[in-house]
Structure formats: structure tokens, C-alpha cells
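Reading through the C-alpha cells given below for one structure.
In what follows, every chain begins at residue 1, and chains take the letters A, B, ... in the order their sequences are listed.
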Amino acid sequence: MSETDWHRFVRERLGGQPRASVPSEEVIAELAEHLEDVYQDARRRGLSHEAAMASTKEQTSDWRLLAERIRRARAREDVVSHTAKTIWVPGISVLFFASLLLLAMTRLMPPTAWASPHGPWLVAVPWLCAYLVFGALGAWWSYRAGGSMSERFFSGVFPAALHLAIFVTGAAAAMIGRPWSSEYRQLAFLATVFLRWVMIPGAALALGTLPFLRGRSGKAVPAAS
Amino acid sequence: MKRGSAELAILSVLADEALHGYEIARRIETQTSGVLRFTLASLYPMLYRLEARGWIAGKWETRTNGRRRRCYRLTQTGRKKLVPLRAEWRVFFHALDRLAGVADA
């Protein structure tokens, strides 16, 4: 069968699939080239035309399944699945727990605790300890899902994004809102808030990830990531 | 073929040079003495998956015989992925060997 015929061969078998699964002309051309090579190789080995054709057609028996697998691979479904498992699910889950903690702290801590001389320490120490655990949880979760070192780190420090978002919102409100004192617009004040509200919690989260950043992924058997 | 082993095989042969699909399959079959074999059905979904992840990159090239082929090469990301993948499999096989004594089988 000529090279052109292999194009028709592949197109006929893939063309009958559901529209969403029909590969592009580029894929058809690539598959056809492969079949041409298989056929030519079989002929070079001394097989007759009929035997070479039969051998070549054995390259796949289920064209429907092949079309679907190609569609999924090119649609990046597996990539999305991997990213979801190693970054977004652990990161957003830890973010959820951190949000619950922040909400609980603001609702359950008596107002006097915030104002007392030891208030900041009564709040900050358990808060940062909890963030050490959250960072470790996110990194461990990503580690078990087969995440790389950077994916584990990102999952663990993801709640810092919440802090950053709150800081940016507050800073923007301070800049444009009239009722706010000019003190809140000063750079030194904003830097202090950024340090205490974003950097320090972020550092606690990052510290929590450290035990899970070294070594290979947590999967017991090497598998496609 | 066990999942994960297919990725290792493909990334390993592409570590040396860029190859098109049929060459990849033949190189793997030759270097494993026929133990590992890729057909059209098993090879191309894996190649496209690796390309979607950015581990390999495909490009159409015209060969000396005038035929156009889509050749794949290992990307920087793929090279970084290959190192821990090799290490994982080395550990896995050593563990199997300790368990079942398969090294000299």
C-alpha cells in the first residue's frame, strides 16, 4: 500500500468515530507514516505484501479506543488531572482549613485578648503553630499524589495567597478610602502589616513543608505521574 | 507494559537524539531485545501525553528521502523528569530483587 493509501486507511478508520474524537489531519498523517514504516520494514524482512499488510494492521485493532486515547492525551486531560492532584486539591484544601482557623480566631477570641499586652502572643503562637501543620499537610498531600518538590512547596504555602489577597485589598482600601487615616497609607505601616500578615505566616507554612520537600514522591511503585 | 515504564523507556531513548515515532518504537524494541514493544496503539497516546506535559516536543521534519516525519526531542523539563524517574525505577527493581531474587533470573 502506498504512503498515500495509508493516509486513507487511517482516515477511514478514524473518520467513523464521534466527531469530538476524530484526530486532526496532522495526527492522521503521523499515524499513516508509522504504518508505512511498519509495512516497509516487514517487506524488508522478506514478508509478502499480504503478510506485511496483515502485520501492519495488527498495530491496532480498536481504532475507536485509539481515537479516544489520542483525544484525551492531546486535550491535556491527564495533565490537568495530575496538576489537580498534586497542586490544586492539596493547596485549596489547606487554604480552606486556614480560612476556617482565621474565621474561628476572629469569632472565638474575646476582644480583650487582642488588646491585652500578651494578646498578640496568645494569638500568634498557636496561629503560627497551626500554620506549620497546614504547610506540612499541603506538602504531604502533594507528596502522596506524586508531586514534585516545587509542587509540594506550592501546595503547602498556598494559604499565603489568602493573606496576600486580604493585604492587597486592605492596602487598596487604605489608599483610596477617605475614612481611613493617613497613617494607614504610609509605607512603613504597610510594610509592617505585610511582614506580620503575609511574610511571617508564609514563612510558617514554608517551614512546615520542609520535611516533605526532599526525596522522591510518596508513591510506593513508580507510576505515570 | 506497566505504566511509568513506558514513560521511562521513551524519555530514555530520546535522551540521546531526536527520533520519530517508528524510530522510537524500533529503538526500544532493539535495545530491550524485544522485551518491550510499542505498537501504534500504545505509542502515540503516550507521545501526545508526554508532549502535552512539556516533557518532549514534536516537530515535522523532512528527511533525506523526502518523507516528512514528526520528530520528538526531549525538552529541558523532560530531562529533569528523567533523572528522578530513573532513580525511582532503580530503587523499585532493587526492592523487587531483595524480595524475589530476580537479579540473576
Could you tell me the separation between the [atom1] atom of [X] and the [atom2] atom of [Y], rounded to the nearest 0.5 Å?
X: A/T56; Y: B/L40; atom1: OG1; atom2: CG; value: 10.5 Å
X: A/R72; Y: B/R49; atom1: CZ; atom2: CZ; value: 7.5 Å
X: B/W60; Y: A/E26; atom1: CH2; atom2: CD; value: 6.0 Å
X: A/E30; Y: B/Y48; atom1: CD; atom2: OH; value: 3.5 Å

Heavy-atom contact with chain A under 4.5 Å, split by part of B/L43: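 Only the side chain of B/L43 comes within 4.5 Å of chain A.
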
Other residues, nucleotides, ligands: >12 heavy atoms within 6.0 Å of B/R79 CZ: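 Correct, the count exceeds 12.
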
Neighbour count above 12 (heavy atom, 6.0 Å) for B/R70 CZ: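 Yes, CZ of B/R70 has more than 12 neighbouring heavy atoms, counting only those of other groups under 6.0 Å.
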
Side chain to side chain donor-acceptor pair (under 3.5 Å) involving B/S42 - partner list, sequence neighbours excluded: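 By the side chain to side chain donor-acceptor pair (under 3.5 Å) rule, B/S42 matches B/T39.
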
Under the side chain to side chain donor-acceptor pair (under 3.5 Å) test, residues paired with B/E29 that sit two or more places apart: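 With neighbours one apart ignored, the set is B/R37.
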
Which atom of A/A73 lies closest to which atom of B/P45, heavy atoms considered: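 The pair with the smallest heavy-atom distance is CB-O, 3.4 Å.
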
Student check: side-chain heavy atoms of A/D37 and B/R26 closer than 4.5 Å: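 SC-SC contact between A/D37 and B/R26 ruled out.
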
